[in-house]
Amino acid sequence: MSKETIISLILAFPIGIITGLYRGVILSRYTRFSELRNEVLRIIRTIDFMQETGTLVITNDHDVSKLSLVVSDLLFLKHRKAADVVAQLQSDISEKKQNAVAGHIMIDVYNSSYIEWQKSANAITPNKMVIFSFWGKL
């Protein structure tokens, strides 16, 4: 091997290790964010509701309270806008539940809100500055 090839290998090796580690950190940050977004979608999709005798009955919304835990995780990871969206979703879901309990909302309105909640949760994006930063949390 020539001298230039050996120097290139010596220089490329640490650079390759550093960039590989950096890519791994970026991937783990995005994966963590993705897991939280999927958790929000799962919580919303487990809400069961139906029309009974002229009123809307919500039979399963036990996991909605866990959205506040997702909000705190997103805030810890510094995804402020995503945390605000999830907090707004939790507030809207709770408000619609109270209206359903009081009999002020029909199933078609609740169903359209249910679809919008899923769209909003699916559209949550990470803070790219945090994903690509050197100082972000995992």
Side-chain angles (χ1 to χ4, degrees):
M1 280 205 259
S2 72
K3 187 177 183 180
E4 293 154 357
T5 305
I6 293 171
I7 292 173
S8 293
L9 285 173
I10 291 171
L11 292 175
F13 187 70
I15 292 172
I17 289 173
I18 291 169
T19 57
L21 290 172
Y22 180 62
R23 270 189 275 171
V25 168
I26 290 171
L27 184 61
S28 66
R29 287 181 189 150
Y30 186 77
T31 301
R32 178 71 177 125
F33 174 83
S34 236
E35 289 171 355
L36 291 171
R37 181 178 51 208
N38 289 340
E39 179 70 9
V40 171
L41 280 166
R42 187 195 63 75
I43 289 169
I44 291 171
R45 289 176 180 158
T46 59
I47 298 172
D48 290 331
F49 57 96
M50 66 182 114
Q51 184 82 31
E52 279 189 6
T53 63
T55 61
L56 175 66
V57 176
I58 301 170
T59 57
N60 182 16
D61 67 343
H62 307 294
D63 289 340
V64 172
S65 62
K66 293 180 183 176
L67 287 175
S68 59
L69 299 174
V70 174
V71 169
S72 66
D73 281 348
L74 288 169
L75 289 173
F76 173 76
L77 296 172
K78 308 230 186 266
H79 297 289
R80 180 81 173 150
K81 289 182 182 178
D84 291 342
V85 170
V86 176
Q88 181 59 41
L89 282 170
Q90 183 179 19
S91 174
D92 194 35
I93 292 168
S94 297
E95 179 185 334
K96 292 288 191 281
K97 179 184 178 178
Q98 292 302 319
N99 288 336
V101 168
H104 299 299
I105 191 169
M106 298 306 292
I107 194 163
D108 55 340
V109 175
Y110 193 87
N111 192 43
S112 64
S113 295
Y114 180 76
I115 292 168
E116 286 302 314
W117 298 332
Q118 291 182 60
K119 286 180 184 176
S120 295
N122 208 17
I124 296 171
T125 57
N127 181 346
K128 290 184 175 105
M129 292 296 291
V130 171
I131 296 291
F132 293 110
S133 71
F134 293 108
W135 59 87
K137 298 177 182 176
L138 291 178

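Heavy atoms only: backbone and side chains are in, while hydrogens, waters and symmetry mates are out. If you read the sequence from its start, that first residue is 1, and numbering goes on from there.
With values rounded to the nearest 0.5 angstrom, N127 atom CG is found 11.5 Å from R80 atom CZ. Rounded to the nearest 0.5 Å, atoms CD1 (I43) and CG (L69) are 8.0 Å apart. Here L36 contributes atom CG and T31 contributes atom OG1; the two are 11.0 Å apart, rounded to the nearest 0.5 Å. We find the CG-CG distance between D84 and L75 to be 7.5 Å, quoted to the nearest 0.5 Å.
Every side chain to side chain contact (heavy atoms under 4.5 Å, CB included) that S34 has, sequence neighbours left out, goes to Y30, R37. Take I7 and apply the side chain to side chain contact (heavy atoms under 4.5 Å, CB included) test, not counting sequence neighbours, and it matches K3, L11. Shown here are the side chain to side chain contact (heavy atoms under 4.5 Å, CB included) partners of E4, two or more places apart in sequence or in another chain: S2. Not counting sequence neighbours, the partners of E39 by the side chain to side chain donor-acceptor pair (under 3.5 Å) test are R42. The side chain to side chain donor-acceptor pair (under 3.5 Å) test applied to D73 returns R32, not counting sequence neighbours. The salt bridge (Lys or Arg N to Asp or Glu O under 4.0 Å) check on K66 picks up D63, with sequence neighbours excluded. The side chain to side chain contact (heavy atoms under 4.5 Å, CB included) search around Q51 returns M106, I107, not counting sequence neighbours.
Side-chain atoms of S91 do not come within 3.5 Å of backbone N or O of A87 as any donor-acceptor pair. At distances below 3.5 Å, at least one donor-acceptor pair connects side-chain atoms of R29 with backbone N or O atoms of S133.
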Derivation of the side chain to side chain contact (heavy atoms under 4.5 Å, CB included) call for L74 and I124: CA-CA 11 Å; L74 288 169; I124 296 171; 5.5 Å; no

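Hydrophobic clustering (ILVMFWY, side-chain heavy atoms < 4.5 Å, transitive): L89 and L41 are in distinct clusters. The cluster map of Ile, Leu, Val, Met, Phe, Trp and Tyr, joined by side-chain heavy atoms under 4.5 Å apart, puts F76 and V86 in the same cluster. Taking hydrophobic clusters as Ile, Leu, Val, Met, Phe, Trp and Tyr residues chained together by side-chain heavy-atom distances below 4.5 Å, L56 does not share a cluster with V101.
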Which pairs would a plain distance check flag for residues 116-123, meaning a side-chain donor or acceptor within less than 3.5 Å of a matching protein atom at least two apart in sequence or in another chain?
| residue | atom | partner | partner atom | Å |
| --- | --- | --- | --- | --- |
| W117 | NE1 | D92 | OD2 | 2.7 |
| Q118 | OE1 | R45 | NE | 3.1 |
| S120 | OG | E116 | O | 3.1 |

Review item, side-chain donor-acceptor pairs of residues 17-24, under 3.5 Å, at least two apart:
| residue | atom | partner | partner atom | Å |
| --- | --- | --- | --- | --- |
| T19 | OG1 | I15 | O | 3.0 |
| T19 | OG1 | G16 | O | 3.1 |
| Y22 | OH | F132 | O | 2.4 |

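The side-chain heavy atoms of V64 and I47, taken from C-beta on, include a pair separated by under 4.5 Å. H62 has its side chain out of reach of T46: every pair of non-hydrogen atoms, C-beta onward, lies at least 4.5 Å apart.
Pairs engaging residues 97-112 under the side-chain hydrogen bond (donor to acceptor under 3.5 Å, both in side chains) rule: D61-K97 [sequence neighbours left out].
Between A82 and T125, the shortest heavy-atom distance links the atoms CB-O, 4.0 Å.
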